[in-house]
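Note: hydrogens, waters and symmetry copies are ignored here, and every other heavy atom, side chains too, is used.
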Amino acid sequence: MTKLDQIRAAEAKLLLSTYDRSPILFVGGEGVHVIDENGAKYLDLLSGIGVNALGYNHSAIVETIARQSRSLIHVSNLFYHEGQAELGMRLTERTGLDRVFFANTGTEAWEGALKLARAYAGLKRSEGVKIGTKFLALEQSFHGRTFGSMSTTYKEKYREPFGPVVPGVEFVRFNDVADLRAKFSNETCAILVEAIQGEGGVRPLTQEFFAEARALADSTGALLIADEIQAGMGRTGKWCAYQHYGIQPDVTTLAKPLAGGLPLGAVLCTEEVARAMHAGMHGTTFGGGPLTCAVGIAVIDAIEKEGLLARATEAGNYFQERLRWLASRHEAVVDVRGKGLMLAAELDSVELAKLTVAEMLKRRIVINCTSDTVLRFLPPYILERFHVDTAIAALDEIFTEHAAAHSAAAPSLGGHHHG
Ligand SMILES: Cc1ncc(COP(=O)(O)O)c(C=O)c1O
């Protein structure tokens with residue numbers, strides 16, 4: 001039995017079977033590569049689902065963890081430490097918002113945003129404004145797995161087994177301005193969006209839809225909340241994906257790459273919205289600890305020092321151009337979407353999408369598939385053009401072989417019929 005076999009057998013017995021893992025045992029990483037137990041290097045175009053923005057083993061992260069862990073790892077939110085205000089300053093400057101609450105994960109940040117919206121609506125009611133408690137979320141949205149997040153997440157498969165979900169959520173057809181107008185009212189306390197939907201298939205909002213959401217929210221005092229957990233922190237070439245639209249939300253959430261692989265989430269809001277929160281209303285034991293904040297600061301500083309926003313834009317444009325070239329060669333590629341290094345190639349079948357992920361893994365390239373048919377690319381921001389070329393060549397080969405196998409299968413199928 002190999003070590004991997006032993007681990008698989010033990011996990012199968014011991015863990016809740018929530019994950020369908022690929023049979024690879026990773027033990028290390030360097031730059032854009034993750035390394036398995038045999039020393040084989042995989043080009044990682046997924047970066048731990050959009051987390052390892054600086055790649056693996058980045059000196060800024062490794063050294064900060066070593067240094068900070070020697071002084072202080074945890075102290076709780078009952079006391080001060082040096083990290084929260086310093087990271088808070090960096091985040092407010094870069095998001096255009098005024099105040100931060102630190103959480104641990106994406107879903108926890110999103111729960112904080114939902115609670116903030118309800119608390120703010122309550123405050124407005126106490127000030128005589130007519131405003132309800134309803135959330136408008138979007139079809140195909142994904143906001144996480146805890147109850148509030150799950151209840152504002154569109155796909156049935158995430159909600160249905162755990163019902164009843166949190167009431168007061170209605171879903172609006174994606175990018176459908178008329179549907180948004182029809183469903184929005186004084187009952188709405190917040191409109192919930194991802195500027196570019198991630199799990200939903202890397203789908204950007206239209207300028208018109210986003211602007212209408214902003215205008216409707218402004219018309220009643222409801223909040224516009226942008227979930228930037230996947231698209232934010234520089235992935236699209238700007239700190240937040242909403243900045244491509246020139247639209248400012250009242251609240252945003254960050255997580256994934258925020259602390260370079262350590263768990264850290266953040267909710268940010270305007271000064272006006274922050275009025276709704278008082279001591280004791282919300283909190284967390286671990287959120288915004290000294291270690292994760294120190295790494296968060298180091299990640300932002302490294303992104304700026306190494307010019308990684310520009311690099312995400314440049315490498316992303318090149319990647320997208322090469323995906324479009326693939327689409328021009330292969331009918332199976334039906335659409336190419338995304339911004340910066342948040343990219344997707346939509347294929348014409350579930351079967352081909354699955355096969356492509358598996359074939360890429362055989363060629364030691366990590367990608368993933370979301371929404372059944374969408375190949376998703378969330379590489380580290382340190383990606384170089386030659387990495388893109390490697391990936392495109394592999395995809396070209398896989399699609400070519402698949403098309404050849406199909407056209408070879410077709411006549412023999414025809415032969416059957418005639419025979
Ligand atoms: C847009 C968005 N929101 C929220 C989440 C949930 O984050 P976490 O898995 O850290 O709870 C994710 C995770 O994929 C996400 O992409």
Side-chain angles (χ1 to χ4, degrees), residues 91-92 95-103 106-139 141-144 146-149 151-154 166-172 174 177 179-197 205 209-229 231-232 240-243 245-255 265-278 281-282:
L91 292 177
T92 52
T95 57
L97 290 165
D98 302 315
R99 287 182 183 260
V100 194
F101 172 83
F102 288 108
T107 197
E108 193 192 347
W110 191 248
E111 295 285 337
L114 298 178
K115 286 176 73 175
L116 192 52
R118 285 274 173 85
Y120 181 69
L123 176 68
K124 295 290 275 186
R125 279 193 298 278
S126 76
E127 293 171 349
V129 176
K130 192 176 171 318
I131 192 160
T133 57
K134 215 168 92 179
F135 293 112
L136 291 186
L138 298 195
E139 293 192 358
S141 63
F142 184 89
H143 299 295
T146 51
F147 257 94
S149 301
S151 305
T152 55
T153 287
Y154 180 67
V166 177
V169 182
E170 194 174 3
F171 292 96
V172 172
F174 186 66
V177 171
D179 198 38
L180 177 65
R181 280 194 195 129
K183 287 173 178 159
F184 184 86
S185 73
N186 275 332
E187 286 306 308
T188 310
C189 73
I191 303 173
L192 315 174
V193 301
E194 296 156 81
I196 303 176
Q197 290 189 331
L205 290 183
F209 186 91
F210 208 170
E212 184 64 18
R214 180 67 278 174
L216 286 171
D218 285 341
S219 72
T220 63
L223 301 182
L224 177 61
I225 305 186
D227 182 344
E228 292 276 337
I229 288 165
C240 293
Y242 59 74
Q243 290 161 343
Y245 295 80
I247 291 172
Q248 187 67 22
D250 303 292
V251 178
T252 195
T253 51
L254 300 169
V267 192
L268 289 110
C269 68
T270 59
E271 195 64 51
E272 163 64 13
V273 174
R275 291 195 298 126
M277 278 289 179
H278 302 293
M281 277 176 75
H282 189 54

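Between the CD1 atom of Ile225 and the CD1 atom of Ile191 there is a distance of 10.0 Å, given to the nearest 0.5 Å. Within the model, atoms OG of Ser219 and CG of Leu216 stand 5.5 Å from one another, a figure rounded to the nearest 0.5 Å. Rounded to the nearest 0.5 Å, atoms OG (Ser149) and CG (Leu114) are 6.0 Å apart. In this structure, the separation between CD on Gln248 and CD on Gln243 is 7.0 Å, given to the nearest 0.5 Å. Remark: Met277 CE to Lys115 NZ distance equals 6.0 Å, nearest 0.5 Å. Put simply, OG1 on Thr188 and CD1 on Ile131 are 8.0 Å apart, with the number rounded to the nearest 0.5 Å.
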inquiry  = Run Leu138 and Leu205 through side chain to side chain contact (heavy atoms under 4.5 Å, CB included) and show every step you take.
reply    = CA-CA 10 Å; Leu138 298 195; Leu205 290 183; 3.6 Å; yes
ask   = Does the side chain to side chain contact (heavy atoms under 4.5 Å, CB included) test come out yes or no for Leu116 and Cys269, once each step is laid out?
value = CA-CA 9 Å; Leu116 192 52; Cys269 68; 3.8 Å; yes
task = Applying side chain to side chain contact (heavy atoms under 4.5 Å, CB included), run through Val172 and Phe209 and close with a yes or a no.
result = CA-CA 11 Å; Val172 172; Phe209 186 91; 4.1 Å; yes
query = Could you go step by step and tell me if Asp250 and Tyr120 meet the side chain to side chain contact (heavy atoms under 4.5 Å, CB included) rule?
reply = CA-CA 11 Å; Asp250 303 292; Tyr120 181 69; over 6 Å; no
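Between Cys189 and Gly132, the shortest heavy-atom distance links the atoms CB-O, 3.3 Å. Of all the heavy atoms in Leu223 and Ala117, the pair that sits closest is CD1-CA, 3.8 Å. Residues Glu212 and Arg181 share a closest heavy-atom pair of OE2-NE, 2.9 Å. A pairwise comparison of heavy atoms in Ala103 and Glu108 identifies CB-CD, 3.6 Å as the closest pair. Contact between Ala195 and Ala241 at its shortest, heavy atoms only, is CB-CB, 3.8 Å. Summarising the geometry of Val251 relative to Ala113, their closest heavy-atom pair is CG1-CB, 3.9 Å, with the distance given to 0.1 Å.
In this structure, the side chain of Thr153 engages the main chain of His143 through a donor-acceptor pair within 3.5 Å. Panel note: side chain Glu228, backbone Tyr242; a donor-acceptor pair is recorded below 3.5 Å.
For the side-chain contact (heavy atoms from CB on, under 4.5 Å) with Val100, the qualifying choice from Leu254, Thr92, Thr95, Val267 is Thr92, the only one to do so.
Counting heavy atoms from C-beta outward, Glu170 and Glu187 have side chains that stay 4.5 Å or more apart. Between Phe135 and Ser151 the shortest side-chain heavy-atom distance does not fall below 4.5 Å. Residues Thr252 and Leu97 have side chains in contact (heavy-atom distance under 4.5 Å, counting atoms from C-beta outward). With contacts defined as side-chain heavy-atom distances shorter than 4.5 Å, the pair Ile247/Leu224 qualifies. Residues Lys183 and Phe171 are not in side-chain contact: their nearest non-hydrogen atoms beyond the backbone lie 4.5 Å or more apart. A 4.5 Å side-chain heavy-atom check between Phe102 and Leu91 finds at least one atom pair inside the cut-off. Considering only heavy atoms from C-beta on, Trp110 comes within 4.5 Å of Thr152 through its side chain. Using a 4.5 Å heavy-atom threshold, the side chains of Arg214 and Val193 count as separate.
A donor-acceptor contact under 3.5 angstrom links the side chains of Asp227 and Thr253, judged on distance only.
The environment of Arg99 atom CZ is sparse: at most 12 non-hydrogen atoms of other residues, nucleotides or ligands sit within 6.0 angstrom.
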